[in-house]
Visitor: 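Following this message is one structure expressed as structure tokens.
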There are 4 protein chains.
Amino acid sequence: MDDKKAQRIRESFARQGLMETLGCTILHLERGKVTLEMPIGSAVSQQHGVAHAGATFAMGDSASGYAALSVMDESAEVMTVEMKINLIAPAAGRRLIATGEVAKAGRRLIVTRCTVQAEADDGSLRDVALLQGTMIPV
Amino acid sequence: MDDKKAQRIRESFARQGLMETLGCTILHLERGKVTLEMPIGSAVSQQHGVAHAGATFAMGDSASGYAALSVMDESAEVMTVEMKINLIAPAAGRRLIATGEVAKAGRRLIVTRCTVQAEADDGSLRDVALLQGTMIPV
Amino acid sequence: MDDKKAQRIRESFARQGLMETLGCTILHLERGKVTLEMPIGSAVSQQHGVAHAGATFAMGDSASGYAALSVMDESAEVMTVEMKINLIAPAAGRRLIATGEVAKAGRRLIVTRCTVQAEADDGSLRDVALLQGTMIPV
Amino acid sequence: MDDKKAQRIRESFARQGLMETLGCTILHLERGKVTLEMPIGSAVSQQHGVAHAGATFAMGDSASGYAALSVMDESAEVMTVEMKINLIAPAAGRRLIATGEVAKAGRRLIVTRCTVQAEADDGSLRDVALLQGTMIPV
């Protein structure tokens with residue numbers, strides 16, 4: 001990704017108040033692929049202490065949206081049309097890592113997929129959620 | 001809903017750190033139907049100032065989960081198997097109101113639907129998101 | 001719905017080879033709401049004799065698409081962007097009835113919901129599937 | 001996959017009346033991965049002549065279900081809990097090829113993903129749909 005586009009994504013991400021609230025940050029940017037991370041703690045937990053499906057979804061949605069934005073013309077922004085998440089394991093461990101990717105960049109819509117992994121205290125990774133959704137340029 | 005079940009839902013909700021982080025609270029509880037509210041502010045925003053899809057999803061997911069819990073035996077808890085959200089209007093205004101309902105309470109799975117509305121400064125309501133998902137007793 | 005629009009929907013439906021293959025026909029048309037019916041038989045079954053999820057989906061998708069088309073300008077056609085189905089009971093009985101409705105008619109996208117019911121031999125109806133999806137004008 | 005399991009899947013598939021109606025057949029079976037094919041013709045078309053979303057879904061759903069069945073104990077059967085499809089290109093060409101795979105085989109639920117491709121007259125392949133869903137043993 002060229003520096004200008006990366007800079008634009010970082011600035012947009014910095015304006016997402018929810019990402020700051022959740023402690024979510026950018027780990028990696030490339031064209032068509034964006035990785036975010038978020039510490040798992042009480043601020044994002046559900047009633048059993050693991051990350052809430054809403055927190056897992058939020059970072060998956062942002063990773064997907066910025067992956068979509070990364071393949072678009074400079075002037076555009078994107079919004080989520082719809083997004084589906086399957087929770088496949090408890091989001092337990094020290095942090096979550098969400099990797100959003102562009103599955104299809106159409107002229108009017110962009111389809112994305114995202115995998116969210118939980119990193120255990122020993123550094124091992126486990127898939128905890130799969131997302132599939134649609135973004136629209138605005 | 002009997003007082004004991006209502007109390008149990010309120011205690012479980014109080015342990016969801018994410019709901020506290022987002023400023024989300026319970027507005028109404030009845031058997032098979034749970035309504036939550038959340039102020040729209042910079043803590044839950046996306047880059048344009050309206051509520052982030054992740055915040056809208058999080059409250060919709062919790063409203064759905066507690067609606068499911070409200071129809072179950074006392075001993076159970078539920079987890080989200082999967083959830084899909086369609087964002088149908090910008091989540092702009094002073095607060096969001098999510099109403100989760102049980103569409104089908106099966107023996108092994110509970111299917112839920114949820115509508116999230118945004119309340120404008122003049123008090124008018126507008127649907128902003130529709131969710132449909134599956135909960136599993138744990 | 002005016003006669004011209006109804007006629008246009010019937011002609012489009014008649015060109016859907018799959019609907020003829022499945023024995024699916026139009027039961028009711030109104031603005032924003034379309035109901036289809038399909039006999040449950042071996043031609044549309046899965047391995048246990050009830051209707052296949054794919055047959056239930058197909059009629060739900062068509063009911064949703066024509067509901068979307070019914071609220072659009074005369075010149076347009078629609079295509080399915082995405083659709084999600086929850087199967088909530090076995091599709092057993094003598095026929096399926098799918099009612100698709102427009103949940104939100106936007107300028108660029110139309111969001112739909114659909115309920116599919118199975119009619120038992122005694123005429124009683126049971127919800128068997130819920131769909132939620134997105135249509136795009138083409 | 002051992003011969004007994006493969007035989008069991010073929011027998012179950014042969015009992016799915018809808019697959020015969022659609023002309024859908026098994027192309028490849030392995031543990032956790034099942035590929036089906038279906039000719040694109042007027043019997044499965046929508047109003048513009050390409051394959052109907054319902055036909056694309058039906059084969060994607062069956063490919064996903066048999067992929068799930070392929071990793072389960074011999075006695076089990078599976079049913080679709082829910083399935084979401086994103087249509088990413090028109091299903092045009094001479095045949096569709098659906099490859100379903102197991103994303104997560106849990107004790108109580110199996111999560112699947114499926115890609116459907118269209119084969120053009122020159123033999124080239126193009127992704128036309130992505131599915132993500134949940135199967136349950138019965």
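Basis for what follows: all heavy atoms, side chains included, without hydrogens, waters or symmetry-related copies.
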Visitor: Determine, step by step, whether B/Glu77 and B/Ser12 satisfy the side-chain contact (heavy atoms from CB on, under 4.5 Å) criterion, reporting the C-alpha distance in whole Å, the side-chain angles of both residues, the deciding distance to 0.1 Å, and the verdict.
Guide: CA-CA 9 Å; B/Glu77 288 271 353; B/Ser12 174; 4.1 Å; yes
Visitor: Is it true that a side-chain atom of C/Tyr66 and a backbone atom of C/Ile9 form a donor plus acceptor pair closer than 3.5 Å?
Guide: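 No.
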Visitor: About how many Å separate OG1 of C/Thr115 and CD of C/Glu101, when rounded to the nearest 0.5 Å?
Guide: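 One finds 7.5 Å between CD of C/Glu101 and OG1 of C/Thr115.
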Visitor: Yes or no on side-chain contact (heavy atoms from CB on, under 4.5 Å) for C/Arg15 and C/Glu11, after CA distance, side-chain angles and deciding distance?
Guide: CA-CA 7 Å; C/Arg15 288 197 306 273; C/Glu11 287 172 359; 4.3 Å; yes
Visitor: Minimum heavy-atom separation for B/Ile110 to B/Ala68, with atom names?
Guide: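 That closest heavy-atom pairing would be CG2-CB, 3.7 Å.
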Visitor: Which residues from residues 88-100 of chain B are near chain C, with near meaning under 4.5 Å between non-hydrogen atoms?
Guide: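 If one takes a 4.5 Å heavy-atom cut-off, the residues of residues 88-100 of chain B near chain C are B/Ile88, B/Ala89.
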Visitor: Let me know if B/Lys84 has heavy atoms under 4.5 Å from chain C in its side chain, its backbone, both or neither.
Guide: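 When you check distances to chain C, atoms from both the backbone and side chain of B/Lys84 fall under 4.5 Å.
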Visitor: Throw together a table of side-chain donor-acceptor distances under 3.5 angstrom for residues 49-61 of chain B, partners on residues two or more places apart or in other chains.
Guide:
residue	atom	partner	partner atom	Å
B/His52	ND1	B/Gly54	N	2.8
B/His52	NE2	A/Gln16	OE1	3.2
B/His52	NE2	A/Ser62	OG	2.8
B/Thr56	OG1	B/His52	O	3.3
B/Asp61	OD1	B/Thr80	OG1	2.8

Visitor: Supply the atom-to-atom distance B/Asp2 CG to B/Gln7 CD, rounded to the nearest 0.5 angstrom.
Guide: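 Output value for this atom pair is 11.0 Å.
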Visitor: What's the verdict on side-chain contact (heavy atoms from CB on, under 4.5 Å) for C/Leu87 and C/Ile85, showing C-alpha distance, side-chain angles and the deciding distance?
Guide: CA-CA 6 Å; C/Leu87 286 312; C/Ile85 187 169; 3.9 Å; yes
Visitor: Is there any residue in residues 28-44 of chain C with a non-hydrogen atom under 4.5 Å from a non-hydrogen atom of chain B, and which ones are they?
Guide: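 The stretch does not come within 4.5 Å of chain B.
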Visitor: Pairs under 3.5 angstrom only: tabulate donor-acceptor contacts from the side chains of residues 123-138 of chain C to other protein residues two or more places apart or in another chain.
Guide:
residue	atom	partner	partner atom	Å
C/Ser124	OG	C/Asp122	OD1	2.7
C/Asp127	OD1	C/Gln117	NE2	3.1
C/Gln132	OE1	C/Arg113	NE	2.9
C/Gln132	OE1	C/Arg113	NH2	2.9
C/Gln132	NE2	B/Asn86	OD1	2.8
C/Gln132	NE2	B/Leu130	O	2.9
C/Thr134	OG1	B/Asn86	ND2	3.1
C/Thr134	OG1	C/Glu82	OE2	2.5

Visitor: Does the side-chain contact (heavy atoms from CB on, under 4.5 Å) test come out yes or no for C/Met83 and C/Thr112, once each step is laid out?
Guide: CA-CA 9 Å; C/Met83 184 71 61; C/Thr112 59; 4.1 Å; yes
